[in-house]
Structures are given as C-alpha cells and as structure tokens.
K.L.:
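Quick one: structure below, then a few questions.
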Amino acid sequence: SSPTLTDVTIHANVAGTLGGGAYAEDSTPILDGVELAGNETLFGDGGGLHLDNCQTTGSGVRILDNRAENAAGGMMVFGGVATLTEAEIRGNVSIEGGGVYVSSGELLLTHSHISDNVAAWSNGGGLMVASSDVTLESCALEDNLASDHGGGAHLVESRVAGRQLL
C-alpha cells in the first residue's frame, strides 16, 4: 500500500512492541509535514515510528520526545529505504539508538537535524547503524548522548557517506 500523510500530528500513543506512534510494513508511505511526538513502545522498538521493509519518503517530518523500551526511541528503519528531507529528530530516548536505528536498510537524510537524543544503556545516542547504508547531506548531529559508544553515531558493519555535516 502507499499511504500518504500530510500535515498530521501523531501524539501520545502507546504500543506494546513496535511503533508507538506509527508502524508501517512492506509499504511505500509518504510523510509530509508529519509530527510524531510523545509516543512510546512498552517492550520494543520505534517509539515514534517503525518502518519495516518500507520505501519511505518524507519532508518536514518531526520526530520529537518519543521513547522505546528497547531500540530506536525516535525512528526504526528495519530493511527498506527511508529518504527524508528537512527532518527534525530530537529528544528521543531508548536503550540503543536514541534518535534513529537503521538495521539492514538504507537511510538518506538531507537538511536535517538529529539532536538531544539519548541511548540510555548502550550505543548510538543520535544514530545507530547496523549492517546498513546511511547518507547524510547538510545535516547536524549534535548534543546526543550514549551511555556506551557513539554519542552522535555508532556504526557496525555499515557504510556512511556525508557532505556538509554541521
């Protein structure tokens, strides 16, 4: 399916395992002006948004103040490709990959900010990348915190390309 969300706020929702704010699987979501804020997973991943094998595009997406009890406080990209422009990923918390966790997938961020995220018990405060490819253009990773490795970003068997990182 190809759901399109435009100027939508997804706020203060709770899921047991995946995607506290929203969960998409095997689809091609388009997210424009979407805000995912204050959402939570009780036992799993993707406090704000969980993308499972999706081909996602978005502009002006804000992922703010979400929590995941396991990984990806803000957004989980598990397989597939997520391409976001002018995204703000801020104030998210999880055990690992506080802001964004990319696993076996691809993330392309342009003119975006990943800030003030926390990996409370492990790695990748802002960005955790495992067996994936990430491209950052004109992006800032700032003021993120990890209790172990990679306050800004932690990479495991992954490739990252960047241009004009702030």
K.L.:
Taking only Lys NZ, Arg NE, NH1 and NH2, and the carboxylate oxygens of Asp or Glu, determine whether Arg159 and Asp133 approach each other closer than 4.0 Å.
P.N.:
yes
K.L.:
Could you go through the side chain to side chain donor-acceptor pair (under 3.5 Å) check for Ser2 and Thr28 one step at a time?
P.N.:
CA-CA 5 Å; Ser2 302; Thr28 56; 2.7 Å; yes
K.L.:
Output side-chain donor-acceptor pairs under 3.5 Å for residues 10-19, partner residues at least two apart or in another chain, one line each.
P.N.:
from  : atom 1 : to    : atom 2 : distance (Å)
Asn13 : ND2    : His11 : O      : 3.1
Asn13 : ND2    : Asn39 : OD1    : 3.1

K.L.:
Among the clusters formed by ILVMFWY side chains lying less than 4.5 Å apart, do Leu36 and Ile114 turn up in the same one?
P.N.:
yes
K.L.:
Would you confirm whether Ser94, through its side chain, and Ala119, through its main-chain N or O, come within 3.5 Å as a donor-acceptor pair?
P.N.:
no
K.L.:
Starting from Val81, can I reach Leu84 by hopping between I/L/V/M/F/W/Y residues whose side chains sit under 4.5 Å apart?
P.N.:
no
K.L.:
State the CD1-CG distance between Ile63 and Leu31, to the nearest 0.5 angstrom.
P.N.:
8.0 Å
K.L.:
I'd like to know if Val160 and Leu141 are part of one continuous hydrophobic network [Ile/Leu/Val/Met/Phe/Trp/Tyr, side-chain heavy atoms within less than 4.5 Å].
P.N.:
yes
K.L.:
Do side-chain atoms of Ser158 reach the backbone of Ser132 as a donor and acceptor pair under 3.5 angstrom?
P.N.:
yes
K.L.:
In Å, rounded to the nearest 0.5 Å, how long is the span from CD1 of Ile95 to CG of Asp45?
P.N.:
9.5 Å
K.L.:
If only atom types and distance count, is the side chain of Asn144 paired as donor or acceptor with the main-chain N or O of Asn117 below 3.5 Å?
P.N.:
yes
K.L.:
Nearest 0.5 Å, please: how far is OG in Ser59 from CD1 in Ile30?
P.N.:
12.0 Å
K.L.:
Would you say that Val134 contacts Leu155 through its side chain, given a criterion of any heavy-atom pair below 4.5 Å between the two side chains?
P.N.:
no
K.L.:
Does the Ser138 side chain pair with the main chain of His111, one donor and one acceptor, at a distance under 3.5 Å?
P.N.:
no
K.L.:
Honestly curious: do Leu127 and Met76 fall in one hydrophobic cluster under the side-chain, below-4.5 Å linking rule?
P.N.:
no
K.L.:
For Ser112 and Thr110, work out which heavy atoms get closest and say how close.
P.N.:
OG-O, 2.9 Å
K.L.:
Which pairs, with at least one residue in residues 47-68 and sequence neighbours excluded, count as a salt bridge (charged side-chain N to carboxylate O under 4.0 Å, His left out)?
P.N.:
Glu35-Arg62, Arg62-Glu88
K.L.:
Do Val156 and Met128 make a side-chain contact, defined as non-hydrogen atoms from C-beta onward lying under 4.5 Å apart?
P.N.:
yes
K.L.:
Same cluster for Val77 and Leu49 if Ile/Leu/Val/Met/Phe/Trp/Tyr side chains link at under 4.5 Å?
P.N.:
yes
K.L.:
When the ring planes of His50 and Phe78 are compared, do they come out parallel, tilted or perpendicular, using 30° and 60° as the limits?
P.N.:
tilted
K.L.:
Each residue besides Val118 in its hydrophobic cluster should be listed here, by chain and number; the cluster joins Ile, Leu, Val, Met, Phe, Trp and Tyr at side-chain heavy-atom distances under 4.5 Å.
P.N.:
Val93, Leu145
K.L.:
Over all heavy atoms of both residues, which pair between Ala68 and Gly47 is shortest? Give the atoms and the distance, please.
P.N.:
CB-N, 3.7 Å
K.L.:
Could you report the tightest heavy-atom contact between Ala146 and Gly124, atom names first, then the distance?
P.N.:
CB-N, 3.9 Å
K.L.:
Please check if any side-chain donor atom of Ser104 sits under 3.5 Å from a side-chain acceptor atom of Ser131, or the reverse.
P.N.:
no
K.L.:
Once rounded to the nearest 0.5 Å, what's the spacing between atom CG of Asn70 and atom OH of Tyr101?
P.N.:
8.5 Å
K.L.:
Please round to the nearest 0.5 Å and tell me the distance separating atom CD of Glu96 and atom OG of Ser147.
P.N.:
9.5 Å
K.L.:
CD of Glu69 to OG1 of Thr41: how many Å apart, nearest 0.5 Å?
P.N.:
7.5 Å
